[in-house]
Amino acid sequence: MTQQHQRSRRRRNALAATAVGLAMAAVAAGAIGFGRWLDGAWQGTPYPVADPAATARRLDGHTQALYDALGLPRAGLAEDWPGDGMHAGLSSCPRRGLRHFPEGLSDSPPSEPGVTTVSEDWALKGVSPAQAGPALERARERMTQRGWKVTDYEHSGPRLWLRLTHPGTGDSLSAEAYPGDRLGVAAYADCARYPSDTPMDLYDKPRLPARQAPAPLRQAAVPGNERR
């Protein structure tokens, strides 16, 4: 065998060894990556951490902005609205991950401990369907100018509603006409884990600040501040 042939064989052997090494490294990397993915799928994506009180104040700001955008200065505040106020919900945040998959098959799957949703509800009174349609259109135009995305909208017909989502926070915001000339306003934030030092109320739920929106109507409801 000539010296040239020997060098050629050595090069081929070196290339083959390199290819085998690369293949083994790729297999090892793939196995590690798969293992990490499998562990993540088993454990589930952790819920984000957020202060419920700060979330409540953010939602209150959303509903105040919606009230301003509706342009209904003559409407009053519906004091008897069901569910009026700020709410922390502990029963709508399922446990995540494949390890909890069997629990999800239950009619009443358990919720993730230490995780809550935050929502706000209130309503205006004295808003007829004829007023609600144009008000929702004004709100749609003004809120989308602020970056909100419309997810559902109907401003004519027997049912009138507007539903929006904030692309930055994922918060939901809605206004919907109800019988009795009521216009309900609601805001909702997705499930989030609250810090361990979060103050709790008597029902073992995160303590939330009282809602302030719509500020002009709440101020008018204070004795001595009646609107004239």
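Atom CZ of R74 sits about 14.5 Å away from atom CG of L124, to the nearest 0.5 Å. We find the CG-CG distance between L70 and L136 to be 6.5 Å, quoted to the nearest 0.5 Å. A distance of 9.5 Å separates CG in L217 from CD in E79, rounded to the nearest 0.5 Å.
With sequence neighbours excluded, the residues that form a salt bridge (Lys or Arg N to Asp or Glu O under 4.0 Å) with D152 are R163. Partners of T151 by side chain to side chain donor-acceptor pair (under 3.5 Å), not counting sequence neighbours: none found. For W148, the ring pair (Phe, Tyr, Trp, His ring centres under 6.0 Å) test picks out H62, H166, with sequence neighbours left out. For R159, the salt bridge (Lys or Arg N to Asp or Glu O under 4.0 Å) partners two or more places apart in sequence, or in a different chain, are E176.
When each of D84, D121, D60 is paired with R211, the salt bridge (Lys or Arg N to Asp or Glu O under 4.0 Å) condition holds for D84 and for no other.
The shortest non-hydrogen separation linking T117 to A189 is CB-O, 3.7 Å.
A salt bridge is absent between D68 and R142: the closest approach of a Lys/Arg side-chain nitrogen to an acidic carboxylate oxygen does not fall below 4.0 angstrom.
Remark: the backbone N or O of A187 is not paired with any side-chain donor or acceptor of S172 at under 3.5 angstrom. Between the side chain of Q64 and the main chain of A215, a donor-acceptor pair closer than 3.5 Å is present. Between the side chain of E141 and the main chain of M143, no donor-acceptor pair closer than 3.5 Å is present.
Between Y67 and V185, every side-chain heavy-atom pair lies at or beyond the 4.5 Å cut-off. Side-chain atoms of L162 and H155, non-hydrogen and from C-beta on, never get closer than 4.5 Å to each other. In this structure the side chain of S174 never reaches within 4.5 angstrom of the side chain of W161, judged on heavy atoms. Between L77 and R218 there is a side-chain heavy-atom pair separated by less than 4.5 Å.
Clustering of Ile, Leu, Val, Met, Phe, Trp and Tyr by side-chain heavy atoms under 4.5 Å joins M86 with L59, V118, L208.
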Go through it in stages, so that I can follow the logic: the residues are K125 and D80, the test is salt bridge (charged side-chain N to carboxylate O under 4.0 Å, His left out), and I'd like the CA-CA distance, side-chain angles, deciding distance and then a yes or no. CA-CA 10 Å; K125 63 182 179 181; D80 58 347; over 6 Å; no
Please tabulate, for the side chains in residues 48-57, all donor-acceptor contacts under 3.5 angstrom to protein atoms that are two or more places apart in sequence or on a different chain.
residue	atom	partner	partner atom	Å
D51	OD1	A53	N	3.2
T55	OG1	D51	O	3.2

